[in-house]
Participant: 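Sending over a structure as structure tokens; questions will come in a sec.
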Amino acid sequence: MKSKILHIIFVGFIFSNETDIINSIDKLNSSAQYDKELYELEKAIKIYPSNIEYLWRLSRAHFEIADQSKSKKIHKKHFYPALNYAKAALDINSNSALANHWYAVLIGKIGLLEGTDQKIKNSYEVQKHALKAIELDPTNDGTYHVMGRWYYEVASLSWIERKMAEIIYTKPPTGTYDQAIYYFKKAIEIKNDEIRHYFWLAKTYIEMNQFDQAKKYLKQIKSLKAFDNSDHLMKLESIELLKDT
């Protein structure tokens, strides 16, 4: 039986080598051309619908497009298919660090979209898959960031939300801002030019009323280069936070 040959027209070029296609897709991602990345991935997945390398990248592409906007409509349009692709990747290989990473990211985003009950319910899945992703690949700064955000969200639950969790769930999620700080700092250790890590570390210090520490990291954001519109939005917000702290 002859093996299936991958043959895709990619941005005006024809590739028959899967590695070349993936490298080209990743170059689009690294240059923040997320719409083009998604377009090429959607062509590739039609040929190989069970290719895990395309599936988790589709999850990433949808996430990145949504992350460039604060529009809830755009978030809904992209986070739901992103979650489906991440789940499909996990179904193929539950020991893929990147499949676990993107599933944790997206199940968390869906929780935030759907309200308190779903946020708390999904938080268990976020923690489970993020910790597994870290175990499988302790060099991915993004997954430490996910855990930082997880502890930030859990620590930020209101008294009413905590009581609701106690009623609905036998063991509600628990976490502190100090734990969030630990994970954000771990993320910075691995990638010290990522605006997202500094931004959320500063926001955590603000929640703890440690304003000198918050200012320290907000000021550092000024010297960091914005990679995409998401970074630009965080830089703008960090300027406003500096004025208020």
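Along the sequence shown, the residues carry numbers beginning at 1. Quantities reported herein were computed from a predicted structural model and do not represent experimental measurements.
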Participant: Determine whether Ser96 and Leu90 satisfy the following criterion, side chain to side chain contact (heavy atoms under 4.5 Å, CB included), listing intermediate values before the conclusion.
Facilitator: CA-CA 7 Å; Ser96 163; Leu90 263 185; 5.9 Å; no
Participant: Answer yes or no: is there a donor N or O on one side and an acceptor on the other, between the side chain of Tyr54 and the main chain of Glu42, under 3.5 Å?
Facilitator: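 Looks like no, no N/O pair under 3.5 Å.
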Participant: Starting at CG of Leu201, measure out to CD1 of Ile221 and round the result to the nearest 0.5 Å.
Facilitator: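 Separation between the atoms: 9.0 Å.
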Participant: Tell me every residue that passes ring pair (Phe, Tyr, Trp, His ring centres under 6.0 Å) with Tyr151, counting only those two or more places apart in sequence or in another chain.
Facilitator: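 If we apply the ring pair (Phe, Tyr, Trp, His ring centres under 6.0 Å) test to Tyr151, skipping adjacent residues, the hits are Tyr183.
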Participant: Should Tyr182 and Phe199 be regarded as members of a common hydrophobic cluster, given that ILVMFWY residues are connected when their side-chain heavy atoms come within less than 4.5 Å of each other, either directly or indirectly?
Facilitator: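 As far as the 4.5 Å side-chain criterion goes, Phe199 and Tyr182 are not connected within one cluster.
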Participant: Residues in side-chain contact (heavy atoms from CB on, under 4.5 Å) with Tyr39, at least two apart?
Facilitator: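 Tyr39 satisfies side-chain contact (heavy atoms from CB on, under 4.5 Å) with Lys43 only.
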Participant: Would you find a donor on one side and an acceptor on the other, under 3.5 Å apart, between the side chain of Lys235 and the backbone of Leu224?
Facilitator: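 Checking the backbone N and O of Leu224 against the side chain of Lys235, a donor-acceptor pair under 3.5 Å is found.
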Participant: Is the closest side-chain heavy-atom distance between Glu207 and Lys203 below 4.5 Å?
Facilitator: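 No, too far: nothing below the 4.5 Å cut-off.
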Participant: Indicate the atoms forming the closest heavy-atom contact of Lys109 with Phe63, along with that distance.
Facilitator: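 The answer is CE-CE1, 3.7 Å.
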Participant: Under 4.5 Å between any side-chain heavy atoms of Pro173 and Ile120, yes or no?
Facilitator: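 SC-SC contact between Pro173 and Ile120 confirmed.
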Participant: Check salt bridge (charged side-chain N to carboxylate O under 4.0 Å, His left out) between Asp67 and all other residues, then give those that pass, not counting sequence neighbours.
Facilitator: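 Arg196.
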Participant: Not counting sequence neighbours, which residues clear side-chain contact (heavy atoms from CB on, under 4.5 Å) with Ala155? List them please.
Facilitator: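 Scan of Ala155 (side-chain contact (heavy atoms from CB on, under 4.5 Å), adjacent residues dropped) gives Tyr177.
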Participant: Establish whether Val154 and Phe184 are linked, either directly or via other cluster members, by ILVMFWY side-chain heavy-atom contacts under 4.5 Å.
Facilitator: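 Val154 does not cluster with Phe184.
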Participant: Consider only side-chain N and O atoms of Gln68 and Asp228, and report whether a donor and an acceptor are under 3.5 Å apart.
Facilitator: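 A donor-acceptor contact under 3.5 Å links the two side chains.
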Participant: So, using side-chain contact (heavy atoms from CB on, under 4.5 Å) as the criterion, who are the partners of Asn192 when residues are at least two apart?
Facilitator: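 Listed in chain order: Ile188, Tyr198.
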Participant: Would you mind reporting whether Gln127 and Leu131 have side-chain heavy atoms less than 4.5 Å apart?
Facilitator: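 A side-chain contact under 4.5 Å exists here.
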Participant: Hey, does the side chain of Asn100 reach the backbone of Ser94 with a donor-acceptor pair shorter than 3.5 angstrom?
Facilitator: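 Side chain of Asn100 to backbone of Ser94, a donor-acceptor pair under 3.5 Å: yes, one is there.
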Participant: Taking all atoms of both residues into account, what is the closest heavy-atom pair of Val146 and Ala130, and its distance?
Facilitator: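 Heavy atoms only, the tightest pair is CG1-CB, 3.9 Å.
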Participant: Using only heavy-atom distances, determine whether the side chains of Thr176 and Gln179 contain a donor-acceptor pair under 3.5 Å.
Facilitator: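 Result is yes, a qualifying pair exists.
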Participant: Would you say Glu125 and Tyr103 make side-chain contact, with heavy atoms under 4.5 Å?
Facilitator: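 In short, these two side chains touch, coming nearer than 4.5 Å.
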Participant: Please list all pairs meeting side chain to side chain donor-acceptor pair (under 3.5 Å) that have one or both residues in residues 210-219, counting only residues at least two apart or in different chains.
Facilitator: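 Found none.
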Participant: Is any side-chain heavy atom of Ser59 closer than 4.5 Å to one of Leu83?
Facilitator: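 They are not in contact (no side-chain heavy atoms under 4.5 Å apart), so the answer is no.
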Participant: For the hydrophobic clusters of this structure (ILVMFWY residues joined by side-chain heavy atoms under 4.5 Å, transitively), does one cluster hold both Trp200 and Ile181?
Facilitator: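 Same hydrophobic cluster.
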Participant: Between Trp56 and Tyr85, does a ring-ring contact (aromatic ring centres under 6.0 Å, His included) hold up when you go through it step by step?
Facilitator: CA-CA 6 Å; Trp56 71 255; Tyr85 285 123; over 10 Å; no
Participant: Which value, rounded to the nearest 0.5 Å, describes the distance between Thr143 atom OG1 and Asp137 atom CG?
Facilitator: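 Separation between the atoms: 7.0 Å.
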Participant: Is there a chain of hydrophobic side chains (I, L, V, M, F, W, Y, each step under 4.5 Å between heavy atoms) that links Leu38 to Ile47?
Facilitator: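 Result: yes, single cluster for both.
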Participant: Nearest heavy-atom pair of Asn122 and Gly111: which atoms, and what distance?
Facilitator: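 Minimum heavy-atom contact is ND2-N, 3.3 Å.
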Participant: To the nearest 0.5 Å, what is the distance between CZ (Arg149) and OG1 (Thr204)?
Facilitator: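 Output value for this atom pair is 9.0 Å.
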Participant: Can you give me every donor-acceptor pair (side chain of residues 75-82, partner residue at least two apart or in another chain, under 3.5 Å) with its distance?
Facilitator:
residue: His75; atom: NE2; partner: Ala66; partner atom: O; Å: 3.2
residue: His75; atom: NE2; partner: Ser69; partner atom: O; Å: 2.7
residue: His78; atom: ND1; partner: His62; partner atom: ND1; Å: 2.9
residue: Tyr80; atom: OH; partner: Glu114; partner atom: OE2; Å: 2.6

Participant: Are Lys191 and Asp193 ion-paired here, with the side-chain N under 4.0 Å from a carboxylate O?
Facilitator: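 Answer for the salt bridge query: yes.
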Participant: Could you state the interatomic distance from CG (Leu58) to CD1 (Ile52), rounded to the nearest 0.5 Å?
Facilitator: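 Answer rounded to 0.5 Å: 12.0 Å.
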Participant: Suppose we screen for salt bridge (charged side-chain N to carboxylate O under 4.0 Å, His left out). Which residues come up paired with Lys87, at least two apart in sequence or across chains?
Facilitator: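 So Lys87 forms a salt bridge (charged side-chain N to carboxylate O under 4.0 Å, His left out) with Asp91.
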Participant: Do Leu242 and Lys222 make a side-chain contact, defined as non-hydrogen atoms from C-beta onward lying under 4.5 Å apart?
Facilitator: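 The answer is yes, as the side chains (C-beta and beyond) meet within the 4.5 Å cut-off.
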Participant: Within a strict 4.5 Å, meaning less than it, do heavy atoms of the Leu98 and Asn140 side chains meet?
Facilitator: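 In contact.
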Participant: Rounded to the nearest 0.5 Å, how far does OG of Ser31 lie from CD of Glu37?
Facilitator: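 Nearest 0.5 Å value for the CD-OG distance: 9.0 Å.
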Participant: Sequence neighbours excluded, which residues qualify as salt bridge (charged side-chain N to carboxylate O under 4.0 Å, His left out) partners of Lys70?
Facilitator: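 Lys70 satisfies salt bridge (charged side-chain N to carboxylate O under 4.0 Å, His left out) with Glu237 only.
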Participant: Can you confirm whether Phe211 sits close enough to Asn209 that some side-chain heavy atom of one is under 4.5 Å from a side-chain heavy atom of the other?
Facilitator: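 With C-beta onward as the side chain, the pair touches.
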Participant: For Ala88, what residues pass the side-chain contact (heavy atoms from CB on, under 4.5 Å) criterion, not counting sequence neighbours?
Facilitator: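 For Ala88, the residues satisfying side-chain contact (heavy atoms from CB on, under 4.5 Å) (neighbours in sequence not counted) are Leu55.
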Participant: Using atom types as modelled and distance alone, determine if a side-chain donor or acceptor of Glu161 lies under 3.5 Å from a backbone N or O of Ser158.
Facilitator: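 The answer is yes, because a donor-acceptor pair under 3.5 Å joins these two groups.
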Participant: Looking at Phe227, is its backbone amide N or carbonyl O close enough to the side chain of Asp231 to form a donor-acceptor pair, meaning the two atoms are under 3.5 Å apart?
Facilitator: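 Such a contact is found between Asp231 side chain and Phe227 backbone.
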Participant: Under 4.5 Å between side-chain heavy atoms, counting indirect links through other Ile/Leu/Val/Met/Phe/Trp/Tyr residues: same cluster for Tyr205 and Met234 or not?
Facilitator: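 In one cluster with Tyr205: Met234, yes.
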Participant: Taking all non-hydrogen atoms of both residues, which atom of Asn95 and which atom of Leu136 are closest, and how far apart?
Facilitator: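 The answer is O-CD1, 3.4 Å.
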Participant: Please lay out, stage by stage, how Val105 and Arg60 fare under the test side chain to side chain contact (heavy atoms under 4.5 Å, CB included).
Facilitator: CA-CA 9 Å; Val105 170; Arg60 177 183 70 181; over 6 Å; no
Participant: My understanding is that only residues two or more places apart in sequence, or in another chain, count here; which of them pass salt bridge (charged side-chain N to carboxylate O under 4.0 Å, His left out) with Glu53?
Facilitator: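 Once residues adjacent in sequence are excluded, the partners of Glu53 under the salt bridge (charged side-chain N to carboxylate O under 4.0 Å, His left out) criterion are Arg57.
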Participant: With sequence neighbours excluded, what pairs up with His101 under the ring pair (Phe, Tyr, Trp, His ring centres under 6.0 Å) test?
Facilitator: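 Per chain and number, His101 pairs via ring pair (Phe, Tyr, Trp, His ring centres under 6.0 Å) with no residue.
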Participant: Determine whether a donor-acceptor pair (N or O, by modelled atom type, separation under 3.5 Å) exists between the side chain of Ser223 and the backbone of Gln220.
Facilitator: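 Indeed, once roles are kept as given, a pair shorter than 3.5 Å links the two residues.
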Participant: What is the minimum heavy-atom distance between Ala89 and Ala99, and which atoms define it?
Facilitator: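 Distance-wise, the nearest heavy atoms are CB-CB, 3.8 Å.
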Participant: Rounded to the nearest 0.5 Å, how far apart are CD1 of Ile107 and NE2 of His129?
Facilitator: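 Here the interatomic distance stands at 8.0 Å.
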